[in-house]
Structure formats: structure tokens, C-alpha cells
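Proteins come first, then strands; the chains are lettered A, B, ... in the order of their sequence lines, and each starts at number 1.
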Amino acid sequence: MGVERVEHLPVRTDEDLVRARQAVREAAVALGFSLVDQTKIVTAASELARNTIIHGGGGDLKVERLREGARSAVRLTFVDRGPGIANVEQALRDGYTTGTGLGLGLGGARRLMSDLSISSRPAEGTTIVAIRWRQ
Amino acid sequence: MERIPILRMGSFLLVTIQVDMHDRLALALQDDLMGRIRETRARGVLIDISALDVVDSFIGRMIGNIAAMARVLDADTVVTGMRPAVAITLVELGLSLPGVRTALDVERGMKLLTDGTQPPDQRGRRAR
């Protein structure tokens, strides 16, 4: 699997969130995703970036464009050094929230992407990797 | 601070969201709109989102909140122009905007508002 291009973005402020959406949109367009798929990917990125800001206390986003033969994908990696997620299964469940939101962020983002994995350690932070493949 | 303009047209308020909204801007719009509804005694609010290419759960919740708060202030809310890709994504995300009236475009949205705020006898006469 070849990485065609990598971008690193800060995810700390409201403005970063808007820029993250734009960078992810650009990557999805460059990889030839349909308009509906672009919208799903950008929306998932927005949910995950907001989680990074609100729950992780800010962090970083890596946007990668991947190619494997005729297939291509966009891979989003969100890293924060926040308090971590105590119960990942619970966090992915719709309606579960520790904040003031609707609790749709993580579960919703997982539905919008091909694959989403979370690794988190209490007091060390959280890494979320989300991929969407284009066949 | 940057603000989204709210236009008044008769007894209705019109908002066209044309920027990629960050969260503070969305919250400011919510507050501004409630202030304007009270101030102008507006009977309806039309929010056009045809320029938005993303509506995530935060913006979706803000739209739902505006509709609910406006209801309490005796004003109807109609959201117009949602792009098909946005609608598909919102539902997949798990947000179906219950309690929010929608219309395909501003013209139909205005018609919904004007029909909805006419006295019942006039509404009946017009239908025939």
C-alpha cells in the first residue's frame, strides 16, 4: 500500500476544525470520491476533530492519500494526549456522551467510514484511525 | 466577531448560511436569532443551507435547537435547500432532524411559512 501524500494539521481550535474539513475534502476530491462519499468522509472528519478538541484537549490530524493497485483510500489519524477513553465500546455506542453533545460522533463517524479503530490509554491519550476506501 | 446576517421580510426572518461555519459562529447565530424573534415578533424563520456542503452533528443539533426554541417563542422554522449528499450523510450519521420542517428551496419554504401563519378560515378558502 503506497502513501501518495501526507498532511499534518493541528486540531485545537474552532478554526482548525474548519481547516481540517477543507483539507480532508481536498484529499477526497483528489482521490476521485463521489460527492456523497466526499460528504460522508468530511462529516466523519468533523465529528472526530471535534472529539479531539473537546475530549482530548486538542491534538493533531494526519491526512493520508493511499493507493493500492486500482484502489485508493483516505486515512485519517487523530492523536491527542488527553485523558483517554475509559470504555471504547461504550464510547462507540449511539447516544452515549460524557459532554453536552448527542453522542453520535464516534458511532456516526464509524458508520460513515470503511473502518475506524480506537486505541486509548487512560491518562495518556487517544489515537483514532479512520479509513475510507474507494473501490 | 464574525456574524451571520439575519434579514427581516415582513413577519419572517431569513438566514442564508454561506460560510463553512465554525462552532462559535453557529452558537452566535442561535442566540442572535432568538433575540431577533423577540425584537421583531417574527412569526417564522427560514434558514437556507443550500451553500453548506457539510452538516455534522453539531450543526444539525444547532438547527434542531433553533427550531425548538423558535417554537417556544411562537415562531415556525423551515430549513431549505439541504443538498442531497448532506441529507444522506445526516441520516447515516443518526440525525434525522425530528421536528424540523424542510423545503427544497427558499420559494417553497416561504410558502410553507406564509400558509402556516394565515388564519385557518383564509387557509381553507385558498385551498379551494
Engineer: Under 4.5 Å between side-chain heavy atoms, counting indirect links through other Ile/Leu/Val/Met/Phe/Trp/Tyr residues: same cluster for W133(A) and V3(A) or not?
Structural biologist: yes
Engineer: To the closest 0.5 Å, what do you measure between CZ (R19(A)) and CG (D20(B))?
Structural biologist: 11.5 Å
Engineer: Membership question, hydrophobic clusters at under 4.5 Å side-chain separation (ILVMFWY): are I6(B) and V19(B) in the same one?
Structural biologist: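 Yes, V19(B) and I6(B) fall within the same hydrophobic cluster.
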Engineer: When rounded to the nearest 0.5 angstrom, what is the spacing between CZ in R21(A) and CE in M21(B)?
Structural biologist: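 Answer rounded to 0.5 Å: 8.5 Å.
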Engineer: Examine L104(B) and V106(B) and state if one hydrophobic cluster contains both, with Ile, Leu, Val, Met, Phe, Trp and Tyr joined whenever side-chain heavy atoms are less than 4.5 Å apart.
Structural biologist: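 L104(B) and V106(B): separate clusters.
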Engineer: Counting only heavy atoms not in R41(B) (residues, nucleotides, ligands), do more than 12 fall under 6.0 Å from its CZ?
Structural biologist: no
Engineer: Distance from L48(A) atom CG to D56(B) atom CG, nearest 0.5 Å?
Structural biologist: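 Atom-to-atom, L48(A):CG and D56(B):CG are 10.5 Å apart.
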Engineer: Give, for atom CG of D14(A) and atom CG of L27(B), the distance between the pair rounded to the nearest 0.5 Å.
Structural biologist: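 Going from the CG atom of D14(A) to the CG atom of L27(B) covers 8.5 Å.
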Engineer: Rounded to the nearest 0.5 Å, how far does CG of D53(B) lie from CZ of R25(A)?
Structural biologist: 4.0 Å
Engineer: When only pairs under 4.5 Å are counted, which of V55(B), D23(B), V54(B), I59(B) shares the most heavy-atom pairs with chain A?
Structural biologist: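 Highest number of pairs under 4.5 Å: D23(B).
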Engineer: What residues of residues 114-132 of chain A sit under 4.5 Å from chain B when only non-hydrogen atoms are counted?
Structural biologist: none
Engineer: Quick check on the hydrophobic clustering: are L52(B) and V18(A) connected, directly or via other members, by side-chain heavy-atom contacts under 4.5 Å?
Structural biologist: no
Engineer: What part of L112(A) gets closer than 4.5 Å to chain B, counting heavy atoms only: side chain, backbone, both or neither?
Structural biologist: both
Engineer: Do V29(A) and L31(A) sit in one hydrophobic cluster, given that two such residues count as connected whenever their side-chain heavy atoms are within less than 4.5 Å of each other, even indirectly?
Structural biologist: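 Result: no, two separate clusters.
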Engineer: Go through the atoms of Q38(A) and report whether side chain, backbone, both or neither lie under 4.5 Å from a heavy atom of chain B.
Structural biologist: neither
Engineer: Taking all atoms of both residues into account, what is the closest heavy-atom pair of F58(B) and E47(A), and its distance?
Structural biologist: N-OE2, 4.5 Å
Engineer: Would you please go through residues 83-92 of chain B and name the residues with a non-hydrogen atom below 4.5 Å from one of chain A, in numerical order?
Structural biologist: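 Counting heavy atoms that sit under 4.5 Å from chain A, the residues of residues 83-92 of chain B involved are A85(B), V86(B), I88(B), T89(B), E92(B).
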Engineer: Crowded around E107(B) CD? As in, over 12 foreign heavy atoms under 6.0 Å?
Structural biologist: no
